[in-house]
Novice: 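Before anything else, here's the structure in question.
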Number of protein chains: 2
Amino acid sequence: MATQQTDGRRLTIREVAQTLGVSTATVSRAIHGRGRISPATRARILRQLEQLGYTPNLHAQSLARQRSMAVALEYLGEVEVLSDSFLVELARGVQKSLVPHRYRLLVNLTGDQEYRRSVLRQWIRARVVDGVIVVANPCIDVDWLAALAEEGVAAVWIAYDAPDPTPPRTAVVQLDLSTGWSEAVAYLRECGHRQVGYLGAYPDDPALAIIHSVAECCGLQLAPLIFAHSEMPADGYEATVRLLQHRPLPTALLARTDLLAFGAMQALQQHGVRVPDEMAVIGHDDLPIAQWMNPPLSSIQIDYAQLGRSAVELLMRLLSNPDEPPVPSRVATRFVPRRSSAPATPPQRRR
Amino acid sequence: MATQQTDGRRLTIREVAQTLGVSTATVSRAIHGRGRISPATRARILRQLEQLGYTPNLHAQSLARQRSMAVALEYLGEVEVLSDSFLVELARGVQKSLVPHRYRLLVNLTGDQEYRRSVLRQWIRARVVDGVIVVANPCIDVDWLAALAEEGVAAVWIAYDAPDPTPPRTAVVQLDLSTGWSEAVAYLRECGHRQVGYLGAYPDDPALAIIHSVAECCGLQLAPLIFAHSEMPADGYEATVRLLQHRPLPTALLARTDLLAFGAMQALQQHGVRVPDEMAVIGHDDLPIAQWMNPPLSSIQIDYAQLGRSAVELLMRLLSNPDEPPVPSRVATRFVPRRSSAPATPPQRRR
DNA sequence: CCTCGTTGCGTAAGCGTTTACGCAACTCGC
DNA sequence: GCGAGTTGCGTAAACGCTTACGCAACGAGG
């Protein structure tokens, strides 16, 4: 079918128009269905375009309309080896929602925070992307996000709480951590746990406050609080070894992140603490790998598809009518119990 | 610093040229350092550009030079949830090598094989990418890759063996599976294993032939061969349950992929087969998560950075001199022993 | 039959770069 | 002091598309 130019050149709209005996304007109108064109001509041209195998040059298109039809996904925080499972799941959710809008997704996977921020800035200024979706983890970096808004780009933030004054052209999808953690905490309480430890990476993480409040609500004591150097499993391991010094030892451990939980489980097991009998472990994000751990890791699930959908929907709205103030959106989380937090044979104190 | 246009418009080269009192040509020459320009003017203009905060519009640039400065990474085969850890690691390696060449990387994470192929085709024809890197897994789909070459795009294949006639503008990075598997097989032999099972997803996977030959070399019997429906852990689980019917049961299991190994380990453990005492397990790809499994999974490591570097180097060469026939490249693999294949207390037969 | 509004399409001016070409103003060897 | 070669820069034509504008042709209403 598709007629090929053998010399590596592609067909241009001018050539196509010429062979079809119409003007370039008509071809363009046929392609986009915008402007005044008779349905008959349009159908005919579309059919012939298909035959010729013509594809418009995207750069020319982006230049002429002032839109690149691409958005960037950026993770505010250090992306290191493996810590991006979360990012990939999210990217997939976002990309899937982007397809019907004919938008592409750009993700930068490498470099440290500073470098990636500068790349994003370049992309915005060079008109590579029309909008950005920013995962603000653990906290909203208000200054930087304001600077982003200054660039005049449409932005959607995925965050744990909405910032007070939202900059222009900016919308927020709130990832509601309280739902999932409430379920988890209630579950633990029901299993007879009284004191649960917390393993996180940042003392100022909004998640900590949320967890603290839902635990209190439930009559659970949240202690001790242990902080790892980063959200990588290795640091979770190291922090958990420190946790083991504490007395009394909690009977359950809430890890801010699955990755931290992975490290924690290994530390516990290597130090002879049986999971879940002596210590229940619960993670967060429900990475696909969680169910394949030994024991399978209980975790708090994020509906990535929904998260992506909400973010994209808001972004598209910002792009089409820049002035209408966007309504914020909210996505709930859900506790998924697995064996790592199974109701223990009556919770035994260690030694 | 960076002077902002408050109305969302960006500075154009024309405006910049005007305020600096030079022509657009001079500004362009200053930016790229190509063409005849005095070092003094160049330095002055660069300094002033920095102050003005000017960034060239990438679409205009791509249109004028006939280059998009982007390459696509495509995984030939089904990408499903999680199966892309491999892809992400590779993407990271590629992207890192791309940075000094000022190229961007595009990856499509969603959709089935057919859809993704059509997207890639679009990207090529729409001039979104100048070149592609294709991971041919498990086999080289010669027809499709030839069709790709027809599009006149520079292409690098990452494959397990080089195809006979390489199409024009195409280079191959051979991922040499034999080195890693040889080490693994030798290790198992040394630990006293005699019969090892194989768990893969495709009977025609070149890897199987390679493993078969290195096992034979070593005096190891490779049996039984078990095939899962896909490379997902769940299917590895299911296939391993089938494996457990076989008699005599092998004392070790070679999984084609870490993901399959994850499923296999869970199946073994849930059926009371202790790893590694009763069954050693070895995976492939050494995903970052492998070391956090319980027991930590022995695996065969791919040097993703090197793989990415080789692919990018070949691609850049193809892009700069399209006629010079490229030399193929080869990347070795390496066995990483962990506890899942630890020398067993004298290998015990089950029951 | 004339006017007016509508419809379908072509013409051409952008969009923001790069770069071939041309033209002064130098440098240099004689 | 003069032609030839070099250097530094400006002019303007691409690159391939979109779209405002204009102009026939046409239908309808008087």
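Side chains included, hydrogens not; waters and symmetry mates left out as well; all remaining heavy atoms used. Proteins get letters first, then strands, A, B, ... in listed order; numbering begins at 1 in each.
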Novice: Starting at atom NE2 of B:His32, determine the distance to atom C1' of C:dA20, rounded to an integer number of angstrom.
Specialist: 17 Å

Novice: Where is the tightest heavy-atom contact between B:Ser68 and B:Val128, given as atom of each residue plus distance?
Specialist: OG-O, 2.9 Å

Novice: With respect to the phosphate group of D:dG10, does any side-chain polar atom (N or O) of B:Thr26 fall under 4.0 Å of OP1 or OP2?
Specialist: yes

Novice: So which nucleotide from D:dA20, D:dC17, D:dC9 ends up closest to the side chain of B:Thr41?
Specialist: D:dC9

Novice: Given atom CE of B:Met69 and atom P of D:dC15, what is their separation to the nearest angstrom?
Specialist: 21 Å

Novice: Without decimals, in angstroms, what is the distance between B:Arg127 CZ and D:dC15 C1'?
Specialist: 11 Å

Novice: When you look at B:Glu313 and B:Arg317, which way does the salt bridge (Lys or Arg N to Asp or Glu O under 4.0 Å) test go after all the steps?
Specialist: CA-CA 6 Å; B:Glu313 195 188 325; B:Arg317 203 170 294 177; 3.0 Å; yes

Novice: Taking only the side-chain heavy atoms of B:Ser38 (C-beta and beyond), determine which of D:dT18, D:dC9, C:dT17 contains the nearest atom.
Specialist: D:dC9

Novice: Could you check which of D:dG16, D:dT19, D:dT11 has an atom nearest any side-chain atom of A:Asn57?
Specialist: D:dG16

Novice: Provide the closest heavy-atom pair for B:Val156 versus B:Leu314 in the form atom of the first, atom of the second, distance.
Specialist: CG2-CB, 4.0 Å

Novice: Just do the side-chain hydrogen bond (donor to acceptor under 3.5 Å, both in side chains) check on A:Arg47 and A:Gln51 with the steps written out, would you?
Specialist: CA-CA 7 Å; A:Arg47 194 154 13 89; A:Gln51 269 183 337; over 6 Å; no

Novice: Write down the distance between CD1 (B:Ile37) and C1' (D:dT6), rounded to a whole number of angstrom.
Specialist: 17 Å

Novice: Among the nucleotides D:dC21, C:dT17, C:dG22, which one has an atom lying closest to any side-chain atom of B:Ile13?
Specialist: C:dT17

Novice: Give me the residues of residues 59-68 of chain B where at least one heavy atom lies under 4.0 Å from an atom of DNA chain C, by number, or none.
Specialist: B:Ala60, B:Gln61, B:Ala64, B:Arg65

Novice: When you measure from the side chain of B:Ala25, which nucleotide among D:dG10, D:dT18, D:dG8 comes out closest?
Specialist: D:dG10

Novice: Tell me: CD of B:Gln18 to C1' of D:dG10, nearest whole Å?
Specialist: 14 Å

Novice: What is the distance, to the nearest angstrom, from the CG atom on A:Leu58 to the P atom on D:dT18?
Specialist: 10 Å

Novice: Where the side chain of B:Arg29 is defined as all heavy atoms beyond and including C-beta, which of C:dG22, C:dA20, C:dT11 is the nearest nucleotide?
Specialist: C:dA20

Novice: Which heavy atom of B:Ala17 sits nearest to which heavy atom of B:Thr24, and what is that distance?
Specialist: CB-N, 3.7 Å

Novice: Report the C-alpha separation of B:Gln18 and B:Arg14 in whole Å, then their side-chain angles, then the decisive distance to 0.1 Å, and conclude whether the side-chain hydrogen bond (donor to acceptor under 3.5 Å, both in side chains) test is met.
Specialist: CA-CA 6 Å; B:Gln18 192 156 11; B:Arg14 217 184 309 270; over 6 Å; no

Novice: Mind checking if A:Arg34 touches a base, just sugar-phosphate, or nothing, with heavy atoms under 4.0 Å?
Specialist: sugar-phosphate

Novice: Measure distances between side-chain N and O atoms of A:Arg42 and base N and O atoms of C:dG8, and say whether any donor-acceptor pair falls under 3.5 Å.
Specialist: no

Novice: side-chain hydrogen bond (donor to acceptor under 3.5 Å, both in side chains) between B:Asp130 and B:Tyr103: does it pass, once the steps are laid out?
Specialist: CA-CA 10 Å; B:Asp130 295 333; B:Tyr103 263 80; 3.1 Å; yes

Novice: Give the nucleotide from the list D:dT18, C:dT17, C:dC21 with an atom nearest to the side chain of B:Pro56.
Specialist: C:dT17

Novice: Just to confirm, is there a sub-4.0 Å distance from OP1 or OP2 of C:dT17 to any side-chain nitrogen or oxygen of B:Tyr54?
Specialist: yes

Novice: Parallel, tilted or perpendicular: which one describes the rings of A:Tyr304 and A:Phe86, with boundaries at 30° and 60°?
Specialist: perpendicular

Novice: How many whole angstroms separate atom CD of A:Glu15 from atom P of D:dG16?
Specialist: 8 Å

Novice: Check whether any side-chain nitrogen or oxygen of A:Ser23 sits under 4.0 Å from OP1 or OP2 of C:dG10, and answer yes or no.
Specialist: yes

Novice: Between A:Arg36 (CZ) and D:dA20 (P), how many Å, whole number?
Specialist: 11 Å

